[in-house]
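In what follows, a structure is listed as structure tokens, so that the remarks can point back to it.
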Amino acid sequence: MAQSFLEPYQILGFMLSPTYMRSPIREHYGQQIIEAMLQFPEVIAILKDGLEQVYRHAEHREERALVEQFIQDGNQFPQQILQAVAA
């Protein structure tokens with residue numbers, strides 16, 4: 001599994017909302033960085049873990065709201081994430 005300095009729920013928040021945390025990389029590359037990150041199976045596993053954290057732990061209300069807003073806005077998670085969650 002890939003190592004990171006952020007918890008999986010934080011990486012999920014980073015990918016769902018450009019305002020979740022300030023990042024010069026996200027600001028410069030925008031959606032392009034998200035699409036590049038999704039090419040790595042390790043990132044898919046981290047996002048799956050992030051979704052599980054968000055829905056299992058009440059203290060992650062902000063991130064849960066981001067997930068719900070993402071879906072309400074008509075967005076869908078990439079197929080790789082849905083398959084990982086279903087597994």
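For the atom pair Ile44 CD1 and Leu38 CG, the distance stands at 5.0 Å (nearest 0.5 Å). If you take CZ on Arg26 and OG1 on Thr19, they are separated by 8.5 Å, rounding to the nearest 0.5 Å.
Sorted by first and then second residue, the side chain to side chain donor-acceptor pair (under 3.5 Å) pairs involving residues 55-64 (not counting sequence neighbours) are Tyr20-Glu63. For residues 8-23, every residue pair satisfying the salt bridge (charged side-chain N to carboxylate O under 4.0 Å, His left out) rule, not counting sequence neighbours, is listed here: Arg22-Glu27.
Inter-residue side-chain proximity for Phe77 and Leu16 is flagged as met; some heavy-atom pair is nearer than 4.5 Å. Residues Ile71 and Gln76 have side chains not in contact (no heavy-atom distance under 4.5 Å, counting atoms from C-beta outward). Side-chain contact check for Ile46 versus Leu6: every heavy-atom pair is 4.5 Å or farther apart. In this structure, the side chains of Leu12 and Gln53 stay at 4.5 Å or more apart for every pair of heavy atoms. Contact check for Ile33 versus His28: no side-chain heavy atoms found under the 4.5 Å cut-off.
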Quick one: do Asp73 and Gln69 satisfy side chain to side chain donor-acceptor pair (under 3.5 Å)? Show the steps, please.
-> CA-CA 6 Å; Asp73 289 346; Gln69 185 63 51; 2.6 Å; yes
Are Met15 and Val43 close enough, and set up right, to give a side-chain contact (heavy atoms from CB on, under 4.5 Å), and what steps lead you there?
-> CA-CA 11 Å; Met15 295 188 79; Val43 173; 4.2 Å; yes
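In terms of heavy atoms, Pro8 sits closest to Gly50 at CB-N, 3.4 Å. The nearest pair of heavy atoms linking Leu66 to Ser17 is CD2-CB, 3.7 Å.
Take Phe14 and apply the ring-ring contact (aromatic ring centres under 6.0 Å, His included) test, not counting sequence neighbours, and it matches no residue.
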